[in-house]
Undergrad: 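Here it is, the structure in full.
Each chain gets a letter, A, B and so on, in the order the sequences are listed, and its residues count up from 1.
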2 protein chains.
Amino acid sequence: MNIFRLLKKNKLFADFDDNEINKIFDCLHGHINKYSRGRVVAEAGDPVTEVGIILEGSAVKFIRKADGELVNCGELEVGGMFGEVEGYAGDRTYRSSVVLAEDSTVLYISIPTIVKQCSKNCPHHQKLLENTLSCLADRIDVINNDAKYLKIKSMRGKISKLFYDKYLAQGTNVIHLGFNRNEMAEYLNVSRPSMSREMIHMKEDGIISYRKDEIVIHDVERLAELANTAR
Amino acid sequence: MNIFRLLKKNKLFADFDDNEINKIFDCLHGHINKYSRGRVVAEAGDPVTEVGIILEGSAVKFIRKADGELVNCGELEVGGMFGEVEGYAGDRTYRSSVVLAEDSTVLYISIPTIVKQCSKNCPHHQKLLENTLSCLADRIDVINNDAKYLKIKSMRGKISKLFYDKYLAQGTNVIHLGFNRNEMAEYLNVSRPSMSREMIHMKEDGIISYRKDEIVIHDVERLAELANTAR
DNA sequence: ATAGCTTTGTTGCCAAAGCTACAAATCATT
DNA sequence: AATGATTTGTAGCTTTGGCAACAAAGCTAT
């Protein structure tokens with residue numbers, strides 16, 4: 001297990017080189033545990049004292065609704081972490097439970113250790129702190145943007161904003177969604193048939209055409225207009 | 001102008017006492033500017049190097065949509081700040097413009113100064129950093145919760161969740177919204193008449209009664225059920 | 001190629017909610 | 001108390017999108 005390589009997949013350590021990881025590792029007092037599939041590594045309601053980072057394996061986050069139903073609210077791959085928000089927010093307890101989806105290796109770093117400057121006053125510690133801040137701030141950006149989709153009321157508006165955002169991100173008229181229809185509908189919080197129906201109308205109007213995951217934008221002007229004026 | 005008292009209204013300094021504020025103030029190199037009403041103190045797209053805190057006055061945040069329309073996206077009162085998210089996220093430019101709503105006094109603190117430990121290695125600096133982290137993490141919690149309302153599709157579900165959340169927060173069957181109908185409808189992202197209509201139905205069903213801002217919950221069980229099973 | 005599974009397209013019906021317009025109630029101010 | 005402004009309630013009409021059910025097209029593996 002190459003811990004350097006694995007750790008670089010994590011946002012807090014993404015821009016660290018092996019040397020820096022090595023140096024900072026001393027002061028962080030991290031500990032590594034191996035668990036088998038199904039293990040609950042975080043329980044909603046429990047206090048958070050550490051950030052967990054998945055080094056090998058994967059996990060699923062669940063929220064238990066008041067009626068007892070478990071709702072999947074996110075997946076963690078290698079480099080994914082948990083507790084990095086709850087550890088600093090509100091009453092510092094887990095909002096969701098984290099269950100390992102396969103045999104996994106988890107690295108834990110105590111939150112006070114991250115926050116407090118170590119006695120050595122090392123510059124890497126500084127960098128870690130900045131990364132933690134960026135990580136949280138970036139998350140706010142992402143959620144804010146997701147919320148924009150939810151606030152748009154019309155189907156065409158939602159679809160247009162999604163396609164236009166992808167167009168801007170991918171910089172080409174032929175965009176790839178990275179979604180199937182079901183996932184796209186779920187992301188936009190609409191029903192799949194209604195979404196399909198509106199996509200057909202947009203095709204008929206000459207704005208787009210598509211085949212599965214691949215969307216071709218024929219009228220960028222119009223799409224931009226739709227995306228930006230959407231209520 | 002009592003800067004101590006004013007600053008304590010800000011989340012980053014809320015738990016500081018006068019003495020601590022005094023001490024940390026040296027290392028933060030803050031500067032204070034007075035501006036008149038209408039002044040643009042942050043322009044969307046510009047780089048963020050400082051956090052701004054309103055000491056006197058108030059401001060409004062605007063986003064300019066691609067079609068040129070300005071959308072109000074938040075208000076800042078005394079103690080409110082701007083740049084505290086954008087300063088750490090993505091390309092570190094303002095997402096929105098901040099315009100003063102009246103003659104105001106603004107305190108600026110440079111972000112690197114907040115993040116880097118000062119030469120004196122003072123413990124208050126440490127506390128400020130923790131507050132910054134909490135501030136961002138709490139914000140994520142808030143946005144996440146707001147997004148929950150947006151994801152619920154039925155009118156009754158949205159209303160129920162709002163009332164039930166207020167019930168939990170206020171701990172009494174007689175809750176106060178802090179919203180008028182318009183604001184409530186806007187928050188839930190629905191039209192006011194449709195919302196009113198459904199509130200009447202819920203009254204007819206014996207779940208609630210209300211008069212303006214004051215809502216009486218008659219059937220908590222049922223409200224909880226509605227709030228928790230809402231799709 | 002064929003069978004079986006998954007994804008996508010298609011349809012019709014219907015309930016939910018949007019919107020406009022207006023009425024009633026409440027509040028604030030003189 | 002009267003006026004005007006704001007907030008809330010009401011009604012009818014229209015549109016949107018949810019939903020169920022099914023058809024068609026792609027994939028996969030034998």
Undergrad: Which letters describe nucleotides 4-16 of chain D, given B = protein heavy atom under 4.0 Å from base, S = only from sugar-phosphate, - = neither?
TA: ---SBBBBB----
Undergrad: Rounded to whole angstroms, how far apart are CG on B:Asn189 and P on C:dA16?
TA: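 My rounded result for the distance is 19 Å.
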Undergrad: Would you find a donor on one side and an acceptor on the other, under 3.5 Å apart, between the side chain of A:Asp205 and the backbone of A:Ile207?
TA: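 No.
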Undergrad: Which distance, rounded to the nearest 0.5 Å, do you find between the CD1 of B:Ile152 and the CG of B:Asn189?
TA: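 Output value for this atom pair is 12.5 Å.
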Undergrad: Would you kindly check whether a donor in the side chain of A:Ser191 faces an acceptor in the base of D:dG17, or vice versa, at under 3.5 angstrom?
TA: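 In this structure, the two groups form no donor-acceptor pair.
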Undergrad: Can you give each donor-acceptor pair under 3.5 Å made by side-chain atoms of residues 75-90 of chain B, sequence neighbours left out, with the distance rounded to 0.1 Å?
TA:
unit_1	atom_1	unit_2	atom_2	d
B:Glu75	OE2	B:Asn72	ND2	3.0
B:Glu84	OE2	B:Arg139	NH2	2.2
B:Glu86	OE2	B:Arg95	N	3.3

Undergrad: How many whole angstroms separate atom CD1 of B:Ile152 from atom P of C:dA16?
TA: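 Taking CD1 of B:Ile152 and P of C:dA16, I get 16 Å after rounding.
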Undergrad: Is the closest basic N to carboxylate O distance between B:Arg37 and B:Glu102 below 4.0 Å?
TA: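 Here B:Arg37 does not pair with B:Glu102 in a salt bridge, since their nearest N and O are not under 4.0 Å apart.
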Undergrad: Would you tabulate the pairs of protein nitrogen or oxygen atoms and nucleotide nitrogen or oxygen atoms of nucleotides 23-25 of chain C closer than 3.5 angstrom?
TA:
none

Undergrad: Pair A:Asp165, A:Lys161 - check side-chain contact (heavy atoms from CB on, under 4.5 Å), show working.
TA: CA-CA 6 Å; A:Asp165 279 359; A:Lys161 171 154 171 57; 2.9 Å; yes
Undergrad: If you count the non-hydrogen atoms of other residues, nucleotides and ligands that lie under 6.0 Å from NZ in A:Lys166, is the total more than 12?
TA: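 Yes, enclosed.
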Undergrad: Decide, yes or no, whether a salt bridge links A:Lys8 with A:Asp18 under the criterion of side-chain N to carboxylate O below 4.0 Å.
TA: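 A salt bridge links A:Lys8 with A:Asp18.
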Undergrad: Could you tell me whether a side-chain N or O of B:Asn173 sits under 3.5 Å from a main-chain N or O of B:Ile217, the two making a donor and an acceptor?
TA: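 Pair found, side chain donor or acceptor close to backbone of B:Ile217.
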Undergrad: Using a strict heavy-atom distance below 4.0 Å, which residues from residues 156-164 of chain A are in contact with DNA chain C?
TA: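 Within residues 156-164 of chain A, no residue comes under 4.0 Å of DNA chain C.
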Undergrad: With side chain to side chain donor-acceptor pair (under 3.5 Å) as the rule and sequence neighbours excluded, what pairs involving residues 207-223 of chain A come up?
TA: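 Counting only pairs at least two positions apart or across chains, the side chain to side chain donor-acceptor pair (under 3.5 Å) contacts touching residues 207-223 of chain A are A:His176-A:Asp213, A:Ser209-A:His218.
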Undergrad: Could you check whether atom OH of B:Tyr167 has more than 12 heavy atoms from other residues, nucleotides or ligands sitting under 6.0 Å from it?
TA: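 No, the 6.0 Å shell around OH holds no more than 12 heavy atoms from other groups.
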Undergrad: Any Lys/Arg nitrogen of A:Glu56 or A:Lys34 sitting under 4.0 Å from an Asp/Glu carboxylate oxygen of the other?
TA: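 Salt bridge between A:Glu56 and A:Lys34, a charged N being under 4.0 Å from a carboxylate O: yes.
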Undergrad: Does any N or O in the side chain of B:Ser97 come within less than 3.5 Å of the main-chain N or O of B:Ala44, such that one atom is a donor and the other an acceptor?
TA: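 Between the backbone of B:Ala44 and the side chain of B:Ser97 there is a qualifying donor-acceptor contact (under 3.5 Å).
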Undergrad: In whole angstroms, how far is the P atom of C:dA15 from the CD atom of B:Glu198?
TA: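 So the two atoms are 15 Å apart, to the nearest Å.
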Undergrad: Whole-Å distance between D:dA25 C1' and A:Glu214 CD?
TA: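 One finds 17 Å between C1' of D:dA25 and CD of A:Glu214, rounded.
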Undergrad: For the helix from C:dA1-D:dT30 to C:dT30-D:dA1, figure out the bend between the end axes, five pairs an end, and round to 10 degrees.
TA: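 The end-segment axes of the helix from C:dA1-D:dT30 to C:dT30-D:dA1 are tilted 50° relative to each other.
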Undergrad: In terms of side-chain geometry, is the basic nitrogen of A:Asp146 or A:Lys151 positioned less than 4.0 Å from the acidic oxygen of its partner?
TA: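 Answer for the salt bridge query: no.
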